[in-house]
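Both counts, for ligands and for their atoms, begin at 1 and track the order of listing. Atom set for the values below is all heavy atoms of this structure, side chains included, hydrogens, waters and symmetry mates excluded.
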Amino acid sequence: MTAAARDGTKRIYVLAPMQSDDVPEVSQLERRCFTNPWPESAYYRELREPERNYYLVLRQELPETGEAEPEREEGRGPLVLLPRLRRPLRTTTRPLVGFAGMWIVYGEAHVTTIGVAPEHRRLGLGEALFLALVSEAIRRGAEFLTLEVRVSNRAAQALYEKYGLTRQGVRPRYYSDNAEDAYIMTSPSLRDPAYRQYLLELKRRLTEKLAREHIEIVERTA
Ligand SMILES: CC(C)(COP(=O)(O)OP(=O)(O)OC[C@H]1O[C@@H](n2cnc3c(N)ncnc32)[C@H](O)[C@@H]1OP(=O)(O)O)[C@@H](O)C(=O)NCCC(=O)NCCS
């Protein structure tokens with residue numbers, strides 16, 4: 001259990017479709033997650049074709065308390081006896097903590113990217129992002145979900161294995177930065193009722209885990 005969970009502080013995260021305004025921050029976070037990040041232009045290009053793909057961002061809602069500007073006295077009339085109290089002004093910042101995306105072509109969903117900021121890992125957020133992709137793939141009628149993952153990336157492989165993906169082959173020297181091989185991993189049929197049932201069970205377990213960590217994920221459609 002994390003420190004925040006122990007002291008009962010609730011953490012709110014917002015999951016929303018990626019917009020062009022998100023791209024500079026996504027690029028920054030990508031550079032913290034990957035050794036071969038996409039150029040920003042690739043994201044702008046992707047976002048122009050929402051019927052062929054789906055990109056998401058995850059932001060944390062952080063309340064920020066600051067001092068309001070003192071109120072100006074003029075215009076308050078002659079009966080002012082006491083200066084007005086300076087009330088704290090509550091605003092919100094929403095740092096980006098995760099992103100994910102996929103293409104959906106010819107009935108197949110292909111995960112192109114997924115990343116969580118290092119300081120927010122192992123809380124269930126990567127899983128929440130992945131589940132959102134799987135749900136959208138099902139909603140759009142895809143039959144399979146597939147992806148490439150570095151052979152050395154055990155953390156990501158464990159996430160995909162948890163969701164029933166299996167290794168179907170290897171793409172030799174797939175990554176240009178270090179010529180590392182990629183495993184090709186594919187889901188069971190997204191139309192299989194038994195797999196759908198399994199996804200519901202994973203979602204239930206994730207909801208319980210997030211509740212234990214005092215994490216709430218709110219979905220925004222736009
Ligand atoms: C892969 C990644 C997105 C996982 O995000 P996360 O928020 O830490 O993952 P979660 O907390 O939701 O973990 C979900 C599951 O993933 C697996 N997992 C995640 N991190 C793991 C790790 N360090 N070691 C082993 N398993 C891990 C576990 O199966 C875990 O389930 P569990 O908690 O029941 O054991 C994150 O590590 C990341 O951003 N890595 C860098 C970018 C990257 O490699 N992306 C994938 C490209 S293919």
Side-chain angles (χ1 to χ4, degrees), residues 1-5 11-15 18 22 25-38 42-43 46 53-60 95-103 108-135 137 144-187 198-217 219:
M1 191 183 266
T2 59
R11 277 175 291 177
I12 298 178
Y13 293 87
V14 181
L15 193 58
M18 190 186 294
D22 295 313
E25 256 183 292
V26 169
S27 263
Q28 275 181 13
L29 181 53
E30 236 207 330
R31 283 194 283 276
R32 297 176 64 209
C33 291
F34 298 116
T35 48
N36 58 342
W38 282 1
Y43 278 103
E46 292 286 293
N53 56 45
Y54 182 63
Y55 284 84
L56 286 165
V57 288
L58 184 68
R59 292 182 175 277
Q60 186 176 16
L96 185 82
V97 301
F99 57 90
M102 64 181 173
W103 296 323
E108 187 171 294
H110 189 102
V111 176
T112 52
T113 190
I114 181 165
V116 171
E119 63 279 14
H120 292 266
R121 287 185 191 158
R122 297 313 313 253
L123 295 172
L125 301 178
E127 215 179 314
L129 283 163
F130 191 69
L131 196 49
L133 293 183
V134 177
S135 306
F144 294 101
L145 184 128
T146 181
L147 51 83
E148 282 93 16
V149 56
R150 285 177 191 265
V151 294
S152 65
N153 193 346
R154 281 304 305 149
Q157 287 167 37
L159 167 63
Y160 307 142
E161 280 160 7
K162 184 171 180 179
Y163 278 76
L165 278 71
T166 50
R167 291 178 200 162
Q168 300 294 318
V170 176
R171 289 198 202 287
R173 305 171 66 82
Y174 183 74
Y175 296 96
S176 56
D177 59 327
N178 64 350
E180 186 172 350
D181 295 351
Y183 288 131
I184 304 164
M185 295 187 76
T186 303
S187 71
Y198 178 60
L199 288 175
L200 284 176
E201 175 57 21
L202 287 174
K203 187 175 179 182
R204 190 190 61 73
R205 282 191 231 156
L206 176 62
T207 307
E208 278 178 10
K209 173 180 174 158
L210 294 172
R212 275 197 305 278
E213 292 287 345
H214 299 275
I215 289 174
E216 187 180 344
I217 299 185
E219 282 184 46

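S152 and E180 share a side-chain donor-acceptor pair at under 3.5 Å. No side-chain donor-acceptor contact under 3.5 Å links Q157 and R150. In this model, no donor atom of one side chain and acceptor atom of the other lie less than 3.5 Å apart for E148 and Y175.
Ligand 1 is surrounded by C33, F34, I114, G115, V116, R121, R122, L123, G124, L125, G126, E127, E148, V149, N153, A155, A156, A158, L159, Y160, K162, K209, each with at least one heavy atom closer than 4.0 Å.
Taking Y160 as the reference, F130 meet the ring-ring contact (aromatic ring centres under 6.0 Å, His included) condition, with sequence neighbours excluded.
Atom CD of E219 is surrounded by 12 or fewer heavy atoms from other residues, nucleotides or ligands within 6.0 Å.
In this structure, R11 does not pair ionically with E216, as no charged nitrogen and carboxylate oxygen lie closer than 4.0 Å.
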